[in-house]
2 protein chains.
Amino acid sequence: METQVPPREKCESADVDEARVRETQEHLIDGLTATRLAWTFKALSDPTRVRIISALSHHEMCVYDLAAALGMSQSAVSHQLRTLREMRLVRFRKEGRHVYYTLDDAHIHDLFHQGLEHLNHD
Amino acid sequence: METQVPPREKCESADVDEARVRETQEHLIDGLTATRLAWTFKALSDPTRVRIISALSHHEMCVYDLAAALGMSQSAVSHQLRTLREMRLVRFRKEGRHVYYTLDDAHIHDLFHQGLEHLNHD
DNA sequence: GTAATATGTGAGCACTTGTTCAAGTGTTGC
DNA sequence: GCAACACTTGAACAAGTGCTCACATATTAC
């Protein structure tokens, strides 16, 4: 049995319509939050970036090895890493000629895995 | 078969490099999974869609009210709802002239809120 | 110093995305 | 029948994305 929301009359009955709209607006997240939230999800909305996150979720890696593991060009990987850097999803440290990347914090790991679980549930 | 010389034997110690790459590849999610996961996140990567999800997370709404609550044109909302439909994030039922939309399942709600918490933690 | 290695970056291009405008369904009421 | 309403859809366009290519750094080895 469904939730006991009384079936609405019409859209024309202004009070019901307006009440629903007004109540929704009160709980609605604001534009800035929506934009920032969308931005976060966008960081994970590309297969290449998802695979990079997947690789880095095990241990830090340098660009060269990352490119080898993913079977991609260094340039393409570097471009995506730049994006991930700007989105604060990854951190890096330099060691001689190498630059080692890691996930910035555990949150990313969590979101990544929550998404995976979501997939497996379907 | 041709001798596939891997284009790397530098990175100083070749064995560590290869072991790291090979181990990473074993744990790496496959291309299809990465694509599907990216696809899921992409559904949530637009501010308008995030706001629609936010609105629908409280109760089902028809397109007209949704447009009113978000302050957008019906057409723009309808286009995004189409995307959300194709991505299986929302469900709809028709009732006369109205089309009522709801979130498809609780997973979406969870991802949405996990993302929100992630924002608040920064 | 030069050369090789490891990574970064800008330009260019094909492709995708989100919006608006206009026209299209389908349902209701007269 | 017809008109109003609720919603969908197609075309068009600006804006954004991700790749390749070529060049620019920076570090190390010689």
Side-chain angles (χ1 to χ4, degrees), chain A residues 7-14 16-17 20-21 31 34-35 38-39 41-52 60-87 90-101, chain B residues 6-14 16-17 20-21 31 34-35 38-39 41-53 60-87 90-101:
Chain A
R8 315 207 14 231
E9 313 279 297
K10 294 175 161 192
C11 268
E12 290 98 50
S13 48
V16 174
D17 172 43
R20 173 71 51 104
V21 169
T35 301
W39 177 262
F41 283 122
K42 182 169 286 182
L44 295 160
S45 71
D46 176 74
T48 296
R49 285 197 294 273
V50 164
R51 296 209 304 147
I52 290 179
E60 70 172 7
M61 292 183 78
C62 69
V63 181
Y64 194 89
D65 291 356
L66 214 38
L70 300 176
M72 298 178 58
S73 75
Q74 266 187 39
S75 181
V77 172
S78 186
H79 273 293
Q80 294 297 1
L81 284 173
R82 196 241 268 266
T83 304
L84 290 171
R85 240 159 43 213
E86 288 172 351
M87 290 170 167
V90 299
R91 251 196 330 248
F92 69 95
R93 69 180 177 87
K94 295 190 176 181
E95 191 179 309
R97 284 179 280 191
H98 299 271
V99 179
Y100 292 95
Y101 282 87
Chain B
R8 16 145 259 84
E9 47 182 291
K10 319 291 157 105
C11 252
E12 280 137 40
S13 41
V16 172
D17 172 43
R20 173 69 52 103
V21 169
T35 301
W39 178 262
F41 283 121
K42 180 168 286 180
L44 295 161
S45 72
D46 176 74
T48 297
R49 285 198 292 275
V50 165
R51 297 209 304 147
I52 290 179
I53 297 290
E60 69 171 8
M61 293 184 78
C62 68
V63 180
Y64 190 90
D65 292 355
L66 212 39
L70 300 178
M72 300 177 57
S73 74
Q74 263 186 44
S75 181
V77 172
S78 187
H79 273 293
Q80 297 295 4
L81 285 173
R82 197 238 272 264
T83 304
L84 290 171
R85 241 158 45 216
E86 288 171 351
M87 289 170 167
V90 299
R91 252 197 329 246
F92 69 96
R93 67 181 178 86
K94 295 190 176 181
E95 192 179 309
R97 284 179 280 188
H98 299 271
V99 179
Y100 291 96
Y101 281 86

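Chain A is the first sequence line, chain B the second, and so forth, proteins listed ahead of strands; every chain is numbered from 1.
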Spatial distance of atom CE (A:M72) from atom CD (A:Q80) [nearest 0.5 Å]: 6.5 Å
Check: B:A43 main-chain N/O paired with B:R49 side-chain donor or acceptor under 3.5 Å: yes
Heavy-atom pair of closest approach, residues A:V63 and A:Q74: CG1-O, 4.3 Å
Polar side-chain atom of A:S78 near backbone of A:S75 as donor-acceptor pair, under 3.5 Å: no
Aromatic ring pairing B:F92/B:Y101, orientation class (parallel under 30°, perpendicular over 60°, tilted between): tilted
Sugar-phosphate, base or nothing in reach of A:F92, heavy atoms under 4.0 Å: nothing
Spacing of A:M61 atom CE relative to C:dA6 atom C1', expressed in whole Å: 14 Å
Nearest to side-chain heavy atoms of B:Q80, which nucleotide of C:dT7, C:dT19, D:dC7: C:dT19
Interatomic distance, A:Q74 CD vs C:dT9 C1' [rounded to whole Å]: 13 Å
Below 4.0 Å: OP1/OP2 of C:dG8 and any side-chain N or O of A:S78: yes
Rounded distance (Å) that lies between atom P of D:dT8 and atom CG of B:L66: 10 Å
Sugar-phosphate, base or nothing in reach of A:Y101, heavy atoms under 4.0 Å: sugar-phosphate
B:L44 side, atom CG; B:I52 side, atom CD1 - distance, nearest 0.5 Å: 11.5 Å
Atom-pair distance (CH2 on A:W39; C1' on D:dG16), nearest Å: 11 Å
At a cut-off of 3.5 Å, list every protein nitrogen or oxygen paired with a nitrogen or oxygen from nucleotides 20-22 of chain C, distance to 0.1 Å.
residue : atom : partner : partner atom : Å
C:dT20  : O4   : B:H79   : NE2          : 3.3
C:dC21  : N4   : B:S75   : OG           : 2.7

5′-ward residue of the pair A:E95/A:T83 relative to DNA chain D: A:T83
Side-chain N or O of B:R97 closer than 4.0 Å to phosphate OP1/OP2 of C:dT25: no
Spacing between B:E86 atom CD and D:dT8 atom C1', to the nearest angstrom: 12 Å
Spacing between B:H98 atom NE2 and C:dG29 atom C1', to the nearest angstrom: 13 Å
Short side-chain to backbone donor-acceptor contact, B:R20 and A:A69, under 3.5 Å: no
A:R49 CZ to D:dG16 P, straight-line distance once rounded to whole Å: 15 Å
Closest non-hydrogen atom pair between B:R85 and B:V90, with its separation: N-CG2, 3.7 Å
Nearest-angstrom distance from the residue atom NZ of A:K42 to P of C:dT16: 16 Å
Nearest-nucleotide comparison on DNA chain D, the residue closer to the 5′ end among A:K94 and A:M87: A:M87
B:R85 vs D:dT9: side-chain N/O to OP1/OP2 distance below 4.0 Å: yes
Below 4.0 Å: OP1/OP2 of D:dG18 and any side-chain N or O of A:R82: no
Touch class at under 4.0 angstrom, heavy-atom based, for A:T48 against every strand present: sugar-phosphate
